Structures are given as structure tokens and as C-alpha cells.
Amino acid sequence: MSTYTPHTQKEVQEMLKELNLTSLHELYKPIPKECLLQKLDLPSGLSQFEVEKMVKSLAQKNRLYPIILRGAGAYHHYIPPVVREMSKRSEFVTAYTPYQAEMSQGILQSIFEYQTMICELTGLDVSNASHYDGATAAAEAYFMCKDKKRSKLIVSPFIKESTLEVLQTYINNSDIVVAPQNDFGKIDLEKLTKLFDDTTAAIYIEQPAKNGVIEDAKKVGELAKDYGVKFIMGVYPIAMGLIKKPSECLADIAVGEGQSLGLNLAFGGPYLGFMATKTALQRKLPGRIVGETVDAKGSKAYVLTLQAREQHIRREKASSNICSNQAHCALTAAMYLATMGQKGLKDVALACVSNAHYLKDQLLSLGFSLKYKGEFFNEFVTVSDIDSKMLLYELEKNDILGGLPLSSKEILWCVTETVTRKDLDRVVEIIKGGVC
Amino acid sequence: MKFTSTHEWVKKEGNLSAVGITEYAAGELGDIVFVQLPEVGDNVVAGEAFAEVESVKAVESVLSPVTGIVKAINEEIIDSPELINEDAYSAWFVKVQVEQEGELISQQEYLDLIK
Amino acid sequence: MLTIYQRSKIGAKSFEAPFITVPKYALDDKYLGKEETILPSVSEIDIVRHYTKLSQNAFGVDNGFYPLGSCTMKYNPKLNEITASLDGFTSVHPLQEEKSVQGCLCLMYELSQQLKAITGMNFSLQPAAGAHGELAGLMIMKAYHESRNDFKRTKIIIPNSAHGTNPASAALAGMEIINIPSLDDGSVDIIALKNACGDDTAGFMLTNPNTLGLFEEKIMEINKIVHKCGGLMYYDGANLNAIMGIARPLDMGFDIMHINLHKTFSTPHGGGGPGSGPVGCADFLQQFLPSPIVIKENDNYIFHKPSKSIGKVKNFYGNFLVMVKAYTYILTLGAEGIVGAAQKAVLNANYLKEKLREIYYTKGSCMHEFVLSMQKVKEDTKVTALDIAKAMIDKNIHPPTMYFPAIVQEALMFEPTETESKTTLDNAAKVIIDIVKKAYVSADELHSAPKKAYITRPDETLAARNPKLRIDLAKG
């Protein structure tokens, strides 16, 4: 058993003596007898060797796929080695929230740089220091827009189910209205305007949408502006390397799932929610924010700022309860963006969109059809008479994780820069040989 | 000038009344960094919060000494909240057309209160 | 320190995108972004030097003593980091078929069982942080009352010594907050509690040990008062480290709780997160837990949606890799190790408190943390708790939590944790006593502490009055 307590027996005795105690049990005198646990029902501790072996054997029970064609909110992108290595530094990993600025300039600067890059990525003015994930960031963005008069949230029919489920947990369900869809697999703009009224706080869409289709975000933004409704845009950050960013679509708030910025798939987390907005709304931003100032000698310094918004000061009047965030994930995302640079991000986005359209063409030539007519980024939904389960099973036998089955006939495919033409041709061959 | 026990002041200026927070309140808060004011045309109710003041480490609601309609807001303190620390009695928050006064106390009573 | 943008050079790069082996696809111009996205262009060596430099100006548990009250900054074992980096965990897609992720599901199931042994409660591991778990817990409380058609229970009672997240979470859950005062030692004012309880009470939130590091000796009386009026007891697990394996929240009469895996179970804080805040509840509430949870059916682990679930509080299943770390830790320590860790945490806090008696004396013993008031020092010398805390930085000790709880004037809250040695505590006590003594001879020196840190005291007022929240790229 390893305990990680550094005390020698002798020291424990010395310390007890200093406290006029004879045993460790006496420390718990204030606890009423009826609360005391007789025996903790856990196995005995193990050596590090044994634990490592046990946990490794669990990890080995998971199936890994060298080729992943599944996304739906978690995206397999290449993580550059420098990001993987540098993010591990233990000064970053084992630090607390940088409340003591004098001791935490490194952490604070990393967040300040992260905020800058998120502003650049979204085109908006200010970013917070991170959120739990994209879905909770969307929920909190709604709270920034809600007031006494306006409480309705309109959402695109193509936001991810899990985002919608989180919104339904956070928000009064009577306040959420799902907008109608059109033939292209996008939000129906004409019908949308009929939903806007003076009780509408915000509209939320995801770009690209859950079916991969690129929404007419700019038009949504223009309509929202006409009706005095706030526009919250959830974005897939890799797509921002190519397509219009929130500022170009007149968004008031941008949120998103930042996992694709250098974070592992990791069975769903930890991931990263990012959030940016315009200066006019900066005091409504939830969570921590780092600002630049000067120290007593006039040198540049970073601090956590605008803290009077937060729960530790505002308590029940705070508009958000967030305290711990995903700081280390934000640090990793900043490293990723710095490593990629503008060109790298664009190249990856171009690889994603090209690979995805290539696979789409190949599948169409096998007799598959597309469920939606709208242009897509790197995800698309196919329809065919081939049973989805059977098809995916064939791929699985060849160590390929196929798209996400939506029904017995429909599959949501996702293609990233991590596959080559050879890989995709193999996928097509397997489908052709196995089930077509 | 009259006061509230919650550290606001109110002063008649023509047919409107200016409202602010006391020097004592500003001092307790420390360096004020942000003020949130209502909009012109909003109703304020005596004893209810109509504004907020923030320092680096605290935030307080400002309660209205009177009931009425906001006719003017002081944009200067939005841009330069330090004016409140510098001279709390000239840094008014809003000017209100008063319909009814709340529970007000005299200067002496207020001074006794904070003694 | 240079910013990453200051290290940027046109043409420099550290990433080469994979060669595109398919025909390049051109999206229609109407979709393409036109605004520039300015990201740094930096060579790999410059990225490495930049982040190395930033790390050298950060302070983690690996750098030194971190007695930050209520944050449980214990040592984060390296084994945890190794198991959480296993490819078999990091490369698993969250939407793989259940049969292909039995290792992940088994780990989640086993961790829930471990937490149940320690607390007596049933858990959903989905919440991402303590405050997130609190919010989920309060949603469970609300859903429970409403499921019984009891819609009038909208009020939550919270002591004024509580962590700020308590009232903030309750407000977000749509509850009305009734603050009650605490006694001088931070314990619950029983009379005030009785007066606040009624048929509109949804529940009562409590940290035990409380935020002054004392165990609520009247906890059984408290839970009877709350239950008698029809309310539920919520346990804020922030201070669980003191009593893990010693007393279970369920046995103290609590119905709902959250755990901060990133405090009690040694997963690192990462400069502010990610944490993990599993939410737990007694048997009669388990159908309300956030979805999904993992259950065992025959020899298979599967996801399950509890019948009256409050829903999802987050995408997917929670901060999984953080769970791997906590699971590894609990396996390593085992029953006796968990109890031993709690005992040593309490021993260390009492020992440090005793060593500081020269500057501040409090009667009685504490649990895992204690609060000193520097009010007298301030009255005598004008040196504040802040000054004292800042002076510790020059001695390579992270300051304790300052000015919390608000019911103590000039508060400094120390939580040494169990992973610090007697030598470290002896040294820290000496440092703190020396600083306080210095207050009486050269107060000015302390007003301007720290001297040896990367910066001197920052101007927080300027930062808040004129917020500069990103690098101004026009200025460079």
C-alpha cells in the first residue's frame, strides 16, 4: 500500500505528544458516536505495481480503432507532439486557480493568451477563461441574454441532442422553442421570423449543425438583429479555419466545444467549453476572466479580474455558479492553436472538408444517397437500404470505427485530417465486398 | 439632503431629486470600479434596489430612497466610477421625479447611525 | 515575459498538416470566412521555450507547500497521471458501442461503488466540478419535492459561513435563499435554523466539517430539525477529506451530496480545472440522478437512465480521465490508507495550529483546517491578513485562503493536508511566526511584500476599471 503521507512513525508520535494526545483516534472526539463508521468497506490498499497492472488491464478491455469516422460532438484530430508533451508540465498540472497573482503569472498569462486566441477564432471582443463543455457554455450563454421581459430561447432543429438535453435540464422547458427545418437540413428562416417576439431572449444554432450541414448563420444573425433578439452561435472550432466565424454572422455570443483543439477523445472528457462575446456584454460573462494591469512598480502584470460578477463575491445574486472550470484544457487548446497557426488550422480544415467530400462521393457511387441537400463541412448523413449495424460491423472487423448509426438506414459520417485516400478507399472496398 | 439607513442620500434639485450613496458607504466599499444604473424612464421603488456598485472584491445593491420615475442618469460615473470615491455627494446616480418618499432620516440621524 | 504573439514571426511554423491525398474540395465562396484570424506563427523550439517559461512562473503542489484552506491541495501522485494517460482510455470515442468500452464502464461503476463505501450514497459521475455537482444535487432536491406534488418548497436554507457556490447554485436551480447566521465558531445557529424551517423549506445546505474546520457536533439534531419540517439535507463535500473513512455523510443524516474528486481524491487542479464533482444521494432519491449512470447487468456494464432523472447536466459522461485518477488513488490507498489519510490531514492541521499558538490561540481541536484572525495584528500594526499572506510568497509557501469565511475578521484559513511532512509544517510555522513578529518592527516591509516574486502587487482596481482582456494585436 502506498499512502503518500510522508510521516515516519516517530514523527506521528512526536506530533501527537505536542497535542497531548496518545492516538490518532482521539482527533475525532468531536464526532458523535452514532455517526462514526465502524469499518470502511473497501479492499486493502495495493502497491503501485499492482494498481498500475489492474488499471492497465481495464484500459485494455476498451477497443481502439486506428481509423475513426465518427464525430457527433467528439472529433478525432491529430494532436501535435509539442502540445502533448508541454501540457504535461507539473507546474501547470498541480497549480490551483491563480488567485495569488504574484505566484501565478505563468498560468494567468496562458489564460490571457487563450482568451486572445478565442477572440480571434470567433471574431468577438472578449472571452472567458473556459467552461465545462460546449453544451453547458450554451446554457450559460442563454442566461446572459435572459431578463425579466425576455425568457424564450429558440433553438435550431439541428443542434445536437445532447446540447438540447443539457439546455432542457438547465432551462424551464416551456422557455425552449425548437424552430422548424427546411428541405436543405437547415433551420427554416421564413418560419423562424414568426417565432420571434418581444419575449424572445435569444436564438441558438450550431455551426455546422449536427447533421454536418452549414447553416445560413449570417442570415440568422441578420434576422435576430432585426427583432432585437440575441444570437448565440455554437461553433466547431476546426471549421473556423475556413467558414464564416461568429463575428461575420453578427453573433452576440459564440460558444463551442473545444475538444478538437488538442484534447483527446478520452471517452467524453475532460473537454473544453469556450465562450466569447462583445464588449457590451462583457460584465455578463460567467466564470473567470484574466485581465492585464500593472504591478506596484509599473511592470505588466496579469490578474483575475471583474471578479464581482462571480459566485464567491456575488453569492445568490451571481448569474452563474461556476467556480472550477477547465483551465488545463484551455491551456492545451492555446498550445494547440499556437502550434497550428493560422495556416495550420486552415490546412486541417481543408483536409477535413476534402476528405469528407471524397468519402461522400465514393459512398454515393455505391448507391448511398444523402439525407440532406445542404452543403456540409466534414459530417454528412447517408441513407441506404443496407442495414447500418451490419455495415458498421463489417468495418469494425477491419479496425475501423464507422459513422454513428442514426437508424437502420441512416449513418452520420465524420471525416477528419487523420485519414488518407487509401484509408477511405479501403472503407469503400469493405462496404462493397461485405454488404453491397 | 436626506438619508436612508442603508447609506443612500437624496437631494431636491428643482422638481427632481438626485440620489447617490454616502461617503461612508463609498469608503466601506473601497475603490469603486463599476456602476450599473437603470435606464431613463424606469420606475424606482423606495426600499428596492435600483443600481449596483462594484469594487474589486465586493458588490452592493443601491436601494432607492424614493418611489418615482428616473428622469436622468449620471453617465459620468459610468465612465469614471472613481468620482464616487472622490466626492460621494456630488456623484449622483440618478435624478428621479418623486411620487413618494421612502423612510428618510436627517443628516444628524445618519451621522449617529454610522458612529 | 514575452507573449506567444511576441514570439511570432511571419513564416515561422511548428506544424505541417498532413498531405491532402484526395482532390481538394472548394466550398462555395458564400460559406468562406473573410475576416482574418490572427494566430501566432511560432517555431517548435519557441513554443517549447515559451511554455517552459510560463511553467517556471507558475506554482503547483510540486513546487512547494500549498496550505490553501478549503481547497485540499494535497500531493497528486504520479501513478494517477500515468494511468490517466493510457492509450486505452485517452483514445476511446465516447459514442463507441457499449461492448467496446467495457473497461471505461467498469471503471466508472467501480469508482461509484468506492464513493458509495466512503459516503453511503449512490452517484452519478457526470458533473464536471463541485459547483456543477451542487447544482445537480439541488435539481434533484427540487425534482423530489415536485414529484410529490409539493410545489411550495422553494426555499433553501444556507448558513452565512457557506462557500459562495452554495447560494449561487441554489439560485441557478431556481430556489429562494434563506441565509441564516452562524455562531462565532462557524457552527450552525440551531435557533436560527429552527426559525427558518417551515413547510416551504426545500432543504438545508451544510459543509461538515464547517468552513472554520470544526465538526458540527449537533449534526444529528440539525438533521432531525430539517427532516421534521419536510426538508432535505444537502452535504457540500468540499471538506470530505477530514472524515473520509471515519464518518459517512449518509450516517450524519444527509440525503444529497457532491464530492470534489479534485480535492479529496488527489486529482490535480490544473490551474483551475478540470475538476470532477460526482453528485450522490440516498437510496430513495437515486431515480433522480443525472443521466446516464453505469449499472452492471450480468457480467456487462451498461449505461442506464434513472426513471425520474433530472436529465443531462453535461455532454457525455463527465470528466472521465479525472475519474481514472481518483479510481487509481482509491485503489492504491485502500480502506486503511483512506482512513490514514484523513487522520493525518487532521493531525497536520492540529499540529500546525498548535505550532502557531504563539501568534494566535484557539481553544479545542480542529478537523483538517483552521482559521486564524489577524485582527489584533492589524489593530496593533496596520499589517493585514493580506500583507501576511503575501509575505509568505517570498518564502516559497503558497498563501492560505484569505478573508474567508467572512464571519471572521482578517481571516487566514490554513489546510495543510496529509501529504506534508512534520519538517514542512515546522518550517511553515516558523515562517508565519517570523512574519507576524516582523509586523511589529517593520510593518512597511510587509505592506509591499512580496519582493522576490515575478511581479510586485498588481493593481486590481485598474484591471477592473479599464478591463484589458486580450492582447492588443494592433499594438503587438
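What you are looking at is a predicted structure, and each value in this text was computed from that prediction instead of being measured. In the text below, chain A, chain B and the rest are named by the order of the sequence lines, each starting its count at 1.
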What's the verdict on side chain to side chain contact (heavy atoms under 4.5 Å, CB included) for Ile330(C) and Leu42(A), showing C-alpha distance, side-chain angles and the deciding distance? CA-CA 9 Å; Ile330(C) 298 172; Leu42(A) 283 177; 3.8 Å; yes
Side chain / backbone / both / neither for Ala334(A) at chain C, heavy atoms under 4.5 Å: both
Among Leu64(A), Asn264(A), Leu401(A), side-chain contact (heavy atoms from CB on, under 4.5 Å) partner for Val92(C): Leu64(A)
Got a donor-acceptor contact below 3.5 angstrom from the Asn321(A) side chain to the Ala131(C) backbone? yes
Give the member of Leu337(A), Val348(A), Ile31(A), Leu16(A) that has the highest number of heavy-atom pairs under 4.5 Å with chain C. Ile31(A)
Would you say that Leu469(C) contacts Leu306(A) through its side chain, given a criterion of any heavy-atom pair below 4.5 Å between the two side chains? yes
Please look at Leu95(C) and chain A and tell me whether the side chain, the backbone, both or neither of the residue comes under 4.5 angstrom of a heavy atom of that chain. both
Below 4.5 Å, heavy-atom pairs only: which of Pro32(A), Ala318(A), Cys323(A), Ser104(A) has the largest tally toward chain C? Pro32(A)
Glu81(C) vs Lys88(A), salt bridge (Lys or Arg N to Asp or Glu O under 4.0 Å): CA-CA, chis, key distance, verdict: CA-CA 9 Å; Glu81(C) 300 303 312; Lys88(A) 277 197 248 169; over 6 Å; no
Is it the case that over 12 heavy atoms from other parts of the model lie below 6.0 angstrom from the NZ atom of Lys34(C)? yes
Under 4.5 Å from a heavy atom of chain C, the part of Leu242(A) involved: both
When you measure from the side chain of Tyr66(C) to the backbone of Tyr96(A), do you find a donor-acceptor pair of N or O atoms at a distance under 3.5 Å? yes
Does Leu347(C) form a side chain to side chain contact (heavy atoms under 4.5 Å, CB included) with Leu24(A)? I'd like the steps, not just the answer. CA-CA 7 Å; Leu347(C) 176 69; Leu24(A) 289 166; 4.0 Å; yes
Interface moiety of Val303(A) toward chain C, non-hydrogen atoms closer than 4.5 Å: side chain
Are the side chain of Thr116(A) and the backbone of Ile471(C) linked by a donor-acceptor contact shorter than 3.5 Å? yes
In terms of heavy-atom pairs under 4.5 Å with chain C, the winner among Gln326(A), Lys61(A), Glu257(A) is Gln326(A)
Okay, Gln105(A) and chain C: the region with an atom under 4.5 Å from a heavy atom over there is both
Donor-acceptor contact below 3.5 Å, side chain Asn355(A) vs main chain Val22(C): no
Is it true that Thr37(C) and Lys245(A) share a donor-acceptor pair across their side chains at a distance under 3.5 Å? yes
Between Phe320(C) and Phe267(A), how do the two ring planes meet: parallel, tilted or perpendicular, split at 30° and 60°? perpendicular
Among the listed options Ile177(C), Asn76(C), Ile246(C), Ile310(C), the residue most often paired with chain A at heavy-atom distances under 4.5 Å: Ile246(C)
When the aromatic ring centroids of Tyr132(A) and His132(C) are compared, is their separation below 6.0 Å? yes
Segment of Glu310(A) engaging chain C (4.5 angstrom heavy-atom cut-off): neither
Check whether Leu27(A) gets within reach of chain C through its side chain, its backbone, both or neither, counting any heavy atom under 4.5 Å. both
Go through Leu54(C) and Phe92(A) one step at a time and tell me if the side chain to side chain contact (heavy atoms under 4.5 Å, CB included) criterion holds. CA-CA 9 Å; Leu54(C) 291 190; Phe92(A) 294 137; 4.0 Å; yes
Measure Met335(A) against the heavy atoms of chain C and call it side chain, backbone, both or neither at under 4.5 Å. both
Is there a side-chain contact between Pro6(A) and Glu420(C) (heavy atoms, below 4.5 Å)? no
Checking Ser354(A) side chain against Lys24(C) main chain: does a donor-acceptor pair fall under 3.5 Å? no
With a 4.5 angstrom heavy-atom cut-off, could you sort out which part of Leu68(C) is near chain A: side chain, backbone, both or neither? side chain
Heavy-atom distances under 4.5 Å only: say whether Ile289(A) touches chain C with side chain, backbone, both or neither. side chain
Checking Met86(A) against chain C: side chain, backbone, both or neither under 4.5 Å from a heavy atom? side chain
Sequence-distant partners of His93(C), ring-ring contact (aromatic ring centres under 6.0 Å, His included), two or more places apart: none
Cut-off 3.5 Å, side chains only: do Asn179(C) and Glu316(A) have a donor facing an acceptor? yes
Testing the 3.5 Å rule here: is there a donor-acceptor pair between the side chains of Glu35(C) and Ser247(A)? yes
Under 3.5 Å, side chain of Thr293(A) to main-chain N/O of Asp459(C), donor-acceptor pair present? yes
Heavy-atom pairs under 4.5 Å with chain A are the metric here; pick the option from Thr83(C), Leu214(C), Ile47(C) that has the most. Ile47(C)
Check each atom of Tyr65(A) against the heavy atoms of chain C and say whether the ones under 4.5 Å are side chain, backbone, both or neither. side chain
Chain C shares the most heavy-atom pairs under 4.5 Å, among Gln100(A), Lys39(A), Lys56(A), with Gln100(A)
For Ile313(A), is it the side chain, the backbone, both or neither that has a heavy atom under 4.5 Å from a heavy atom of chain C? neither
Under 3.5 Å: donor-acceptor pair, side chain of Asn57(C), backbone of Gly106(A): no
With chain A, which of Pro450(C), Gly311(C), Pro94(C) has the greatest number of heavy-atom pairs at distances under 4.5 Å? Pro94(C)
Would you confirm whether Thr456(C), through its side chain, and Ala296(A), through its main-chain N or O, come within 3.5 Å as a donor-acceptor pair? yes
Given a strict heavy-atom distance threshold of 4.5 Å, which part of Arg315(A) is in contact with chain C: side chain, backbone, both, or neither? both
Side chain, backbone, both or neither: which part of Glu102(A) has an atom under 4.5 Å from a heavy atom of chain C? both
Relative to chain A, which of Asn63(C), Thr328(C), Leu27(C) shows the most heavy atom pairs under 4.5 Å? Leu27(C)
Is a side-chain donor or acceptor of Thr5(A) paired with a backbone partner of Thr419(C) at a separation under 3.5 angstrom? no
With respect to chain A, which residue among Glu44(C), Gln96(C), Gln114(C) yields the maximal number of heavy-atom pairs within a distance under 4.5 Å? Gln96(C)
At a 4.5 Å cut-off on heavy atoms, which part of Arg314(A) comes close to chain C: side chain, backbone, both, or neither? neither
For chain C, which of Val82(A), Asp133(A), Leu404(A) has the most heavy-atom pairs under 4.5 Å? Asp133(A)
Regarding Arg63(A) and Ser100(C), is there a side-chain donor-to-acceptor distance under 3.5 Å anywhere? no
What residues, two or more places apart in sequence or in another chain, satisfy ring-ring contact (aromatic ring centres under 6.0 Å, His included) together with His262(C)? His269(C)
Only pairs of heavy atoms separated by less than 4.5 Å count here; which of Thr420(A), Val126(A), Leu350(A), Ile322(A) has the most with chain C? Leu350(A)
I need the residue from Gly340(C), Gly318(C), Ala170(C), Ala389(C) with the largest number of non-hydrogen atom pairs under 4.5 Å to chain A. Gly318(C)
Do you see a donor-acceptor pair shorter than 3.5 Å between the side chains of His50(C) and Glu113(A)? yes
Hey, are Ser162(A) and Asn315(C) close enough side-chain-wise for a donor-acceptor pair under 3.5 Å? yes
